[in-house]
Amino acid sequence: MPNVGTLIRAWRISQKCSEQALAERAGIAASVLEALESEQADPQASTLEALAGALKIPLPWLFIHPTDLDLLCKDDDDEPAPLSTLTGADPVLERILVAAGHDRSLYVLLTALMQSGDPKLLRAAEVSLRSLVKQSKQATVPWQSRPPGHFEPPSD
């Protein structure tokens with residue numbers, strides 16, 4: 001597993017961001033970011049949180065190489081990244097990536113919403129998904145929702 005400084009650098013480069021720009025967005029000194037990326041210093045938890053916020057990614061993603069998430073961000077026509085490179089740093093994300101390998105369109109849409117960071121869009125997506133989950137748990141066959149003892153054969 002790569003060191004966190006190497007992964008921070010990879011995330012910064014993947015977003016085409018300079019050290020100075022990322023340091024400013026995170027509210028830390030550029031020299032601190034340089035020391036972290038060159039593995040000359042260990043980051044504090046608050047620094048990691050600030051960097052994840054500045055990169056607009058969830059904190060656990062800092063421990064995963066950005067190319068591992070290419071599966072969620074590429075168009076359906078593009079060849080997805082192999083899942084064999086996953087590090088297991090975030091087991092929930094790993095399960096999402098494995099599932100996304102089968103049907104990526106929903107995961108691409110959700111990732112785009114998450115990256116936008118707009119609270120209203122995120123809330124609307126959450127409400128919609130909760131509604132869909134609730135609907136999926138309801139009986140879909142009409143005679144399954146009838147009271148016990150009531151029998152009506154399906155019509156042809």
Side-chain angles (χ1 to χ4, degrees), residues 1-140:
M1 183 168 163
N3 292 323
V4 71
T6 304
L7 295 170
I8 292 170
R9 177 183 292 127
W11 276 104
R12 179 180 58 77
I13 291 170
S14 75
Q15 294 190 8
K16 297 174 179 57
C17 187
S18 69
E19 280 184 358
Q20 184 65 36
L22 179 59
E24 285 177 15
R25 287 194 322 218
I28 62 173
S31 59
V32 171
L33 179 58
E34 185 179 338
L36 292 176
E37 287 187 353
S38 63
E39 303 293 337
Q40 295 175 354
D42 289 327
Q44 296 179 354
S46 60
T47 303
L48 290 175
E49 288 174 352
L51 288 168
L55 290 165
K56 297 183 180 176
I57 61 172
L59 179 61
W61 289 17
L62 275 182
F63 300 96
I64 300 168
H65 200 279
T67 56
D68 289 349
L69 299 175
D70 283 349
L71 175 67
L72 298 180
C73 302
K74 294 202 180 214
D75 293 331
D76 285 337
D77 297 338
D78 296 337
E79 186 66 29
L83 295 176
S84 61
T85 61
L86 293 176
T87 61
D90 183 351
V92 174
L93 179 62
E94 192 165 327
R95 289 182 64 195
I96 289 171
L97 290 173
V98 169
H102 302 290
D103 182 12
R104 294 190 358 228
S105 57
L106 177 62
Y107 296 96
V108 170
L109 291 171
L110 290 174
T111 302
L113 280 172
M114 289 173 61
Q115 287 178 335
S116 77
D118 185 340
K120 290 180 181 178
L121 287 176
L122 292 173
R123 180 68 181 140
E126 179 186 357
V127 168
S128 296
L129 287 172
R130 287 185 189 278
S131 173
L132 288 171
V133 168
K134 185 177 179 181
Q135 289 176 29
S136 72
K137 291 181 179 179
Q138 293 176 352
T140 56

State the CZ-CG distance between Arg12 and Leu36, to the nearest 0.5 angstrom.
-> 11.5 Å

How many angstroms lie between CZ in Arg25 and CG in Leu51, if you round to the nearest 0.5 Å?
-> 10.0 Å

Would you say Ser128's side chain and Ala124's backbone share a donor-acceptor pair under 3.5 angstrom?
-> yes

Check: Gln15 side chain, Leu55 main-chain N or O, donor-acceptor pair, under 3.5 Å | yes

Side-chain (Trp61) to main-chain (Lys56) donor-acceptor, under 3.5 angstrom = no

Give a yes or no answer on whether the side chain of Ser131 reaches the backbone of Val127 with a donor-acceptor pair at less than 3.5 Å.
-> no

Residue pair Ala26 / Ala50: nearest heavy atoms and the distance that separates them | O-CB, 3.4 Å

Taking every non-hydrogen atom, the tightest pair across Leu22 and Ala54 = CD1-CB, 3.7 Å

Got a second to check how far Asn3's CG is from Ile8's CD1, nearest 0.5 Å?
-> 10.5 Å

Give a yes or no on this: more than 12 heavy atoms of other residues, nucleotides or ligands lie within 6.0 Å of atom CD of Glu126.
-> yes

In this structure, CD1 of Ile28 is separated from OG1 of Thr47 (nearest 0.5 Å) by 6.0 Å

Under 4.0 Å between a Lys/Arg side-chain N and an Asp/Glu carboxylate O for Glu19 and Arg9?
-> no

Can you tell me how far the OG1 atom of Thr6 sits from the CD atom of Glu37, to the nearest 0.5 Å?
-> 9.0 Å

Taking C-beta and beyond as the side chain, do Leu62 and Leu7 meet within less than 4.5 Å on heavy atoms?
-> no

Supply the atom-to-atom distance Ser18 OG to Gln20 CD, rounded to the nearest 0.5 angstrom.
-> 6.5 Å

